[in-house]
Amino acid sequence: MSRAPNYEFQEWWNKQREKNNVDLFQDKDRQAESAPFLSVDIQGDADANGGAGGRARSSDPLVEKDRARSARQLSWVVMLKFQQLGAFLAWISNGAVHLVRTANRRISSAGSRYDSTSRLYRAIRAFLIVVIVLLGFELLAYFKGWHFSPPVVGSAEVLGMVGVVYARWLEIRAEYLAPPLQTLANVCTILFIVQSVDRIVLILGCFWIKFRRLKPVASVEYASIGENREVNVEEYPMVLIQIPMCNEREVYQQSIGAVCIMDWPKERMLIQVLDDSDDVDIQQLIKAEVHKWQQRGVRIIYRHRLIRTGYKAGNLKSAMGCDYVKDYEFVAIFDADFQPTSDFLLKTIPYFEGNDDLALVQARWAFVNKDENLLTRLQNINLSFHFEVEQQVNGWFINFFGFNGTAGVWRIKALEESGGWLERTTVEDMDIAVRAHLHGWKFVFVNDVKCLCELPETYEAYKKQQHRWHSGPMQLFRLCFFDILRSKISWVKKANMIFLFFLLRKLILPFYSFTLFCFILPMTMFLPEAELPALVVCYIPGLMSVLSILPAPRSFPFIVPYLLFENTMSVTKFNAMISGLFRFGSSYEWVVTKKLGRSSETDLVAFEKESEPLMQSATLHRSSSDSGIEELSKLDLTKKTGKVKRNLLFRKELALAFILLTASVRSLLSAQGIHFYFLLFQGISFLVVGLDLIGEQVS
């Protein structure tokens with residue numbers, strides 16, 4: 001039988017409002033003045049200590065009824081609080097379940113992209129299990145007070161079985177585990193200091209170049225065709241321009257357009273669009289773009305290989321095999337996302353005149369999307385140091401550096417004498433640079449000539465790019481080590497190439513950064529007998545970060561994220577280095593870096609304006625050109641269709657995040673301030689990257 005509704009409280013509430021016209025939930029002083037039932041209650045309590053009058057008033061039925069109402073109100077408030085708490089707990093649990101389901105869905109749908117069967121991931125997962133077990137053991141010891149008075153093996157029997165086990169563990173870690181860990185820490189510290197000295201020397205070299213205002217000087221200067229149309233075009237050397245691309249739907253227009261409007265005699269320049277796309281629609285789009293510029297009077301051809309072997313090296317090698325290449329003296333190479341300025345050839349070709357031993361002129365990269373997100377800002381710091389310091393210093397003092405694969409001009413004779421493009425590694429640009437240097441050719445880096453390009457905006461694309469960039473050099477080092485020893489260059493250059501170019505900057509750097517900060521540092525928290533000084537953990541890395549960020553002074557607010565992110569990327573670079581050194585399968589994987597074509601629309605407008613003279617001088621009918629543009633527009637509609645992108649989960653980074661956060665808890669028990677904060681923030685950095693929360697944000 002249902003309970004009858006109780007309207008007593010509502011009736012009482014209405015009477016009080018009519019009688020006093022006050023709010024029940026005002027402060028107590030105003031309630032005492034305006035609400036009689038509260039004033040009676042207080043007087044009754046006060047008079048209860050004073051005599052029978054108080055006892056008589058306290059036994060008044062009205063007072064007892066008011067007290068009952070107050071108790072009911074309190075119970076309703078408590079019930080309301082419990083209801084809110086229950087709703088909050090339900091929200092938390094639903095969010096956790098949703099997070100777990102989302103993670104499982106992303107992991108299951110990603111397939112092999114997470115590399116869950118890799119040797120390194122299995123090792124990191126095993127290390128995580130060990131660290132969690134050790135933390136549980138240390139927490140138990142901490143709550144028993146054994147951290148302050150460690151038990152000894154001989155007197156631990158009184159503490160029970162757990163005390164005996166902990167005493168044995170202290171003995172084992174002090175005598176057998178801590179010494180080799182300390183030795184490894186000392187070795188990595190020495191490598192860290194050596195690499196830091198190398199970086200300081202490079203910075204000093206860059207300061208010297210800036211202070212003395214040193215830069216390469218060209219012996220001749222070519223006049224601009226746009227300014228002087230009466231110039232003798234025979235004085236301009238023949239230049240072949242190559243644009244290798246593969247499924248570059250987003251950026252093919254801007255690269256082709258930028259090259260076609262170069263300020264160079266058209267009869268002394270030929271453009272090869274080397275399309276390795278396996279998508280028929282993209283092939284048609286690129287063909288239509290090439291046809292459009294052909295009708296504007298530009299000497300440009302489209303090439304597509306039927307047998308697509310050797311990746312970019314195979315594409316370039318096939319193009320250099322054409323019969324007409326022998327008529328050209330230089331070849332300029334631009335990747336599909338690069339946009340050279342119209343005077344690029346006017347600023348680079350003159351360096352070859354009078355320097356018959358010069359093989360390469362390399363220009364600097366500039367980035368159209370460096371401020372797009374945090375990931376691109378951090379990449380800009382790295383690459384600014386690479387070009388401003390490494391490339392410029394090596395180019396000036398030893399005339400050798402690694403070719404960047406694009407935005408450079410090669411002497412074709414140097415390419416042929418060095419063996420041409422080879423398909424044996426995934427870093428064909430570094431391969432040809434090393435072989436050319438071993439044959440005695442020199443390189444020049446021009447820091448004031450910049451070529452616009454695009455940085456990868458997602459962590460997945462950046463990670464694949466870095467894996468290729470760090471596995472390829474180890475492949476190349478294995479293949480050319482004995483060639484370096486047998487070459488005729490000086491022993492100083494041989495030592496520089498072996499110890500600095502390959503070992504220190506390509507092998508030792510990823511090895512010690514991963515080993516020191518992702519393995520040794522967490523282990524020293526659980527094996528405190530082995531120590532890693534704060535100088536190595538905090539101060540030297542901080543100093544190196546300050547030096548690295550000098551070429552990009554606007555990026556100083558991001559110095560702490562830069563330091564943490566560089567340590568986070570060490571797992572990718574270490575994995576790539578090991579796979580390249582020991583020829584694992586992933587070291588030969590080539591994945592085209594995904595581009596978004598951020599600046600393509602504005603650049604194409606500029607291309608159209610600058611190409612108007614070409615349109616006016618073209619002898620073909622406009623209707624034929626319109627047909628090509630119409631075909632391009634129809635095919636270009638497919639750009640908007642595609643799969644929905646989702647954030648990924650990266651297991652190695654997530655596992656290392658939990659390892660570092662677990663070690664930070666252990667560090668907190670020992671009250672190690674600097675180590676705790678470093679482990680905490682480094683663990684958070686790994687967690688952010690592992691959840692794919694850095695870079696372009698997708699659904």
Side-chain angles (χ1 to χ4, degrees), residues 112-113 115 240-249 251-252 255-256 270-287 290 300-326 328 331-338 402-406 408 410 412 414-436 461 464-480 483 576 579-595:
S112 61
R113 287 184 294 178
D115 198 19
L240 177 68
I241 301 178
Q242 296 177 334
I243 312 176
M245 58 181 61
C246 180
N247 297 325
E248 310 276 4
R249 179 193 296 270
V251 294
Y252 71 92
S255 59
I256 294 175
L270 175 65
I271 303 171
Q272 288 180 318
V273 178
L274 311 177
D275 182 25
D276 259 4
S277 303
D278 55 4
D279 189 319
V280 178
D281 290 341
I282 297 179
Q283 294 176 22
Q284 295 300 320
L285 288 170
I286 299 174
K287 284 182 181 179
V290 171
I300 181 173
I301 61 175
Y302 174 87
R303 281 181 54 86
H304 179 75
R305 294 191 299 163
L306 297 179
I307 303 177
R308 301 168 56 250
T309 58
Y311 302 113
K312 181 180 177 181
N315 197 1
L316 294 173
K317 181 180 180 180
S318 174
M320 293 299 293
C322 297
D323 294 335
Y324 53 80
V325 173
K326 65 179 181 295
Y328 294 84
V331 55
I333 303 173
F334 301 99
D335 283 349
D337 61 316
F338 277 72
F403 174 45
N404 294 115
T406 178
W410 277 91
I412 295 180
L415 287 176
E416 294 173 347
E417 288 188 359
S418 304
W421 299 103
L422 298 181
E423 308 167 10
R424 57 182 183 172
T425 69
T426 58
V427 283
E428 74 294 326
D429 45 9
M430 185 181 294
D431 189 358
I432 187 62
V434 169
R435 286 185 282 116
K464 291 177 179 178
Q465 181 196 69
Q466 292 299 305
H467 187 277
R468 175 165 54 87
W469 285 4
H470 287 81
S471 64
M474 290 298 98
Q475 303 171 17
L476 181 60
F477 181 63
R478 288 187 300 99
L479 295 171
C480 69
D483 294 335
S579 63
L581 190 62
F582 296 101
R583 293 188 291 182
F584 294 152
S586 61
S587 63
Y588 294 94
E589 179 184 6
W590 179 290
V591 179
V592 178
T593 304
K594 181 66 176 177
K595 292 99 177 178

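The structure displayed is predicted, hence computed values, not measured ones. We number each residue from 1, following the sequence as shown.
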Quiz item: Can a donor-acceptor pair be found between the side chains of R249 and S277 at a distance below 3.5 Å?
Solution: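 The criterion, which ignores hydrogens and geometry beyond distance, is not satisfied for S277 and R249.
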Mind checking ring-ring contact (aromatic ring centres under 6.0 Å, His included) for Y328 and listing every partner two or more places apart, or none if nothing turns up?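 So Y328 forms no ring-ring contact (aromatic ring centres under 6.0 Å, His included) with any residue.
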Any non-hydrogen side-chain atom of [X] less than 4.5 Å from a side-chain atom of [Y]?
X: V331; Y: Q242; answer: yes
X: F582; Y: M474; answer: no
X: I243; Y: I271; answer: yes
X: R583; Y: R478; answer: yes
X: C246; Y: R308; answer: yes
X: E423; Y: W421; answer: no
X: I300; Y: I256; answer: yes
X: N315; Y: R303; answer: no

Return the minimal non-hydrogen interatomic distance between [X] and [Y], and the atom names on each side.
X: D335; Y: S255; value: O-CB, 4.1 Å
X: V290; Y: I301; value: CG1-C, 4.2 Å
X: G420; Y: R435; value: O-NH2, 2.8 Å
X: N247; Y: D279; value: OD1-N, 3.5 Å
X: R424; Y: L479; value: CD-CD1, 3.6 Å

Can you tell me how far [atom2] of [Y] sits from [atom1] of [X], rounded to the nearest 0.5 angstrom?
X: F403; Y: E428; atom1: CZ; atom2: CD; result: 8.5 Å
X: K464; Y: W469; atom1: NZ; atom2: CH2; result: 15.5 Å
X: Q283; Y: K287; atom1: CD; atom2: NZ; result: 6.0 Å
X: I432; Y: W410; atom1: CD1; atom2: CH2; result: 5.5 Å
X: K317; Y: Y311; atom1: NZ; atom2: OH; result: 15.5 Å

[X] side-chain N/O to [Y] backbone N/O, donor-acceptor pair under 3.5 Å:
X: R305; Y: T309; result: yes
X: N404; Y: T406; result: no
X: S318; Y: G314; result: no
X: T425; Y: V427; result: yes
X: S471; Y: G580; result: no
X: H470; Y: A576; result: no
X: D276; Y: K312; result: no

Identify, with sequence neighbours excluded, every residue that meets side-chain hydrogen bond (donor to acceptor under 3.5 Å, both in side chains) alongside D429.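 Result, side-chain hydrogen bond (donor to acceptor under 3.5 Å, both in side chains) vs D429: none returned.
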Between M245 and V273, is a side-chain contact (heavy atoms from CB on, under 4.5 Å) present by the stated rule, with each step listed?
CA-CA 8 Å; M245 58 181 61; V273 178; 4.2 Å; yes
Pair D281-Q284, side-chain contact (heavy atoms from CB on, under 4.5 Å): steps then yes or no: CA-CA 5 Å; D281 290 341; Q284 295 300 320; 5.5 Å; no
